[in-house]
Asks: 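Pasting in a structure now, in structure tokens, and then I'll have a few things to ask.
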Number of protein chains: 4
Amino acid sequence: MQWDLNSERPVYIQLIEQIQSRIITGFYLPGDKLPSVRDLAAEAGVNPNTMQKALTELERMELVYTNRTSGRYITLDQGLIKQLKKQSAKQQIQDFLEKMKYLGYEIEEIISLITDIASEMKKN
Amino acid sequence: MQWDLNSERPVYIQLIEQIQSRIITGFYLPGDKLPSVRDLAAEAGVNPNTMQKALTELERMELVYTNRTSGRYITLDQGLIKQLKKQSAKQQIQDFLEKMKYLGYEIEEIISLITDIASEMKKN
Amino acid sequence: MQWDLNSERPVYIQLIEQIQSRIITGFYLPGDKLPSVRDLAAEAGVNPNTMQKALTELERMELVYTNRTSGRYITLDQGLIKQLKKQSAKQQIQDFLEKMKYLGYEIEEIISLITDIASEMKKN
Amino acid sequence: MQWDLNSERPVYIQLIEQIQSRIITGFYLPGDKLPSVRDLAAEAGVNPNTMQKALTELERMELVYTNRTSGRYITLDQGLIKQLKKQSAKQQIQDFLEKMKYLGYEIEEIISLITDIASEMKKN
DNA sequence: GTGGTCTAGACCACC
DNA sequence: GTGGTCTAGACCACA
């Protein structure tokens, strides 16, 4: 598992997304202990403060919780994780459809284009 | 037709997108004369400098051209417009599929979700 | 108006509280423009990052809003401010009564003690 | 009687407060023998080191004393206990009034609010 | 000039 | 060793 950062968007936002992705896809399981802030930061190649900022936000979302002296853990609330997955997907789709409508596409066209491009992407 | 701006993303980027959308969807037709920078800025409620920046960028993309004495016009190159439409759509779709894959969804699931949400959005 | 910080609790928390207090008591009025992060930080004698952290949190609470390039402003939602005031007071009182109960006091005793101490504090 | 700990504040501080509360309210009487550190720690579900730290602090305040061979006992000095109770209460009240003043409340309002909230809390 | 982000490096309380 | 806080100083995009 690797960290994939670009400089177009704030690094801490990308860190949040990637950790969310790890939780959603089950790479991190409920109750798992996360590596320490310092280790995560070193692994991702960012400053510990930046990683801290990302983790604080995840904590605010209740996706992780902190035991101040022993470390950080993934939430035990599996429902929350499922909800996050569903809700993220719905948001992505709505935004996407909005933009496509904005470009003048109808739903049938969109689906046909998606299947085309998806098969094209699979080849690579 | 109205301008729909929020302050989360750079205003000039949003202006570019909205003018592009107007060109792609045919609200502005090839050869049409654009309102003056001042009028456009007033209409959109932004600083003329910001609108200017957006138009300069659109000119760089050759979607509009300037006739020094008489004003700005939409490009006559219909191929360019079509290409923009296709290319924008492809980019949107690729980004979207990337993100959904990231959330752990397969192509079949995605299409099924899209049809669901699209019909749900239609109701509103 | 001055900043009153001690080192017992995190500085950024105290900054949040003091700005909240200024909003609640009407020192800052709805729609007022706040000084820039740098100015506020200089005024309070803290690092701009620390002030930034406090302001970000106030923004999350929707007590202030940001216009990225022109500055920060106090929310126009007066209801929110009133609600904050009431809710803060209620919280303070509940916590207080809880602690006093914990020390073995009944409500009548508490009120009598308060009036005594309040008059004593007034003298100073 | 149970231990009620959260992880927001230092555990050893919360232990001190709860033992003080037991002394003030007469749950532990002057001269009572305290359970062993290990038993107390087990009962509270904390590390023995942490409980030890709390007890050491209580000893420093002379609320408990140690008989090297037979264990720890509650102080026989009833005056000290009364004084602790009064002084704690006074401190609580002063802090509380300070905060309420900070929120823009006058003493009369405070008392009226307290009686309201107290009756509301009694119902639950 | 405005807010926002990031790094580097330090110190702290707690367990 | 853990998370949390803070400073100092820098750079960026935007208007």
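Numbered from 1 within each chain, the chains take letters A, B, ... in sequence-line order. FYI, side chains are in, hydrogens and waters are out, and symmetry mates aren't considered; it's all heavy atoms of this structure.
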Asks: Starting from P on E:dG3, measure out to CG on C:Leu34 and report it in whole angstrom.
Replies: 9 Å
Asks: Return the 5'-most residue of the pair A:Thr69, C:Lys53 with respect to DNA chain F, ranking by each residue's nearest nucleotide.
Replies: A:Thr69
Asks: In Å, rounded to the nearest 0.5 Å, how long is the span from CD of D:Gln18 to CD of D:Gln20?
Replies: 11.0 Å
Asks: With a 4.0 Å limit, can you tell me whether A:Ser36 has a side-chain N or O closer than that to the phosphate oxygens OP1/OP2 of F:dT2?
Replies: yes
Asks: Side chain of A:Tyr12: nearest nucleotide among F:dG3, E:dG4, E:dC6?
Replies: E:dC6
Asks: Taking atom C1' of F:dC6 as reference, at what distance in whole Å does atom CE of C:Met51 sit?
Replies: 13 Å
Asks: Quick one: does A:Gln94's side chain get under 4.5 Å of A:Glu98's, heavy atoms only?
Replies: no
Asks: Starting at the 5' end of DNA chain E and moving along, which residue's nearest nucleotide shows up first, A:Pro48 or C:Val37?
Replies: C:Val37
Asks: Is there side-chain contact between C:Gln52 and C:Asn47, with heavy atoms separated by less than 4.5 Å?
Replies: no
Asks: Map every base of DNA chain F to its dot-bracket character, where paired means a Watson-Crick or G-U wobble contact with both distances under 3.5 Å and | marks a partner outside the strand.
Replies: ||||||||||||||.
Asks: What is the distance, rounded to the nearest whole Å, between atom CD of C:Glu57 and atom P of F:dG4?
Replies: 14 Å
Asks: Looking only at the side chain of C:Arg38 (C-beta and beyond, no hydrogens), which of the listed nucleotides F:dC14, E:dG3, F:dT5 gets closest?
Replies: E:dG3
Asks: Rounding to an integer number of Å, can you tell me how far C:Leu15 CG sits from F:dC6 C1'?
Replies: 11 Å
Asks: Using whole Å, what does the distance between atom C1' of nucleotide F:dT7 and atom CD of C:Gln52 come to?
Replies: 15 Å
Asks: Write down the distance between CG (C:Leu55) and P (E:dG4), rounded to a whole number of angstrom.
Replies: 8 Å
Asks: Under a 4.5 Å cut-off applied to non-hydrogen side-chain atoms, are C:Val46 and C:Trp3 in contact?
Replies: no
Asks: Could you tell me whether D:Glu17 and C:Lys99 have a side-chain N and a carboxylate O separated by less than 4.0 Å?
Replies: no
Asks: Could you state the CD-P distance from A:Glu8 to F:dC12, rounded to the nearest angstrom?
Replies: 16 Å
Asks: Taking the side chain of B:Thr50 as heavy atoms from C-beta outward, which of F:dA15, F:dT7, F:dG4 is closest to it?
Replies: F:dA15
Asks: Using a heavy-atom cut-off of 4.0 Å across all strands, would you classify C:Asn67 as base, sugar-phosphate, or nothing?
Replies: nothing
Asks: Nearest to the side chain of C:Pro10, heavy atoms from C-beta on, is which of F:dC6, E:dG3, F:dC14?
Replies: F:dC6
Asks: Can you see whether A:Tyr28 has A:Lys33 sitting over its ring - NZ or CZ less than 6.0 Å from the centre and within 45° of the normal?
Replies: no
Asks: Between E:dA8 and A:Asn47, counting only base atoms on the nucleotide and side-chain atoms on the residue, is there a donor-acceptor pair under 3.5 Å?
Replies: yes
Asks: Between atom CD1 of B:Ile23 and atom CE of B:Met61, what is the distance when rounded to the nearest 0.5 Å?
Replies: 9.5 Å
Asks: With a 4.5 Å heavy-atom cut-off, do B:Glu62 and B:Thr75 have their side chains touching?
Replies: no
Asks: Describe the nucleic acid contact of B:Val46 in one word from base, sugar-phosphate, nothing, applying a heavy-atom distance below 4.0 Å.
Replies: nothing
Asks: Let's see if you can work this out: which of E:dG3, E:dT7, F:dG3 has an atom nearest to the side-chain heavy atoms of A:Arg72?
Replies: F:dG3
Asks: If you take atom types as modelled and just measure distance, does the side chain of C:Asn49 reach the base of F:dG9 with a donor-acceptor pair under 3.5 Å?
Replies: yes
Asks: What is the separation between atom CZ on C:Arg60 and atom P on E:dG3, rounded to the nearest whole Å?
Replies: 20 Å
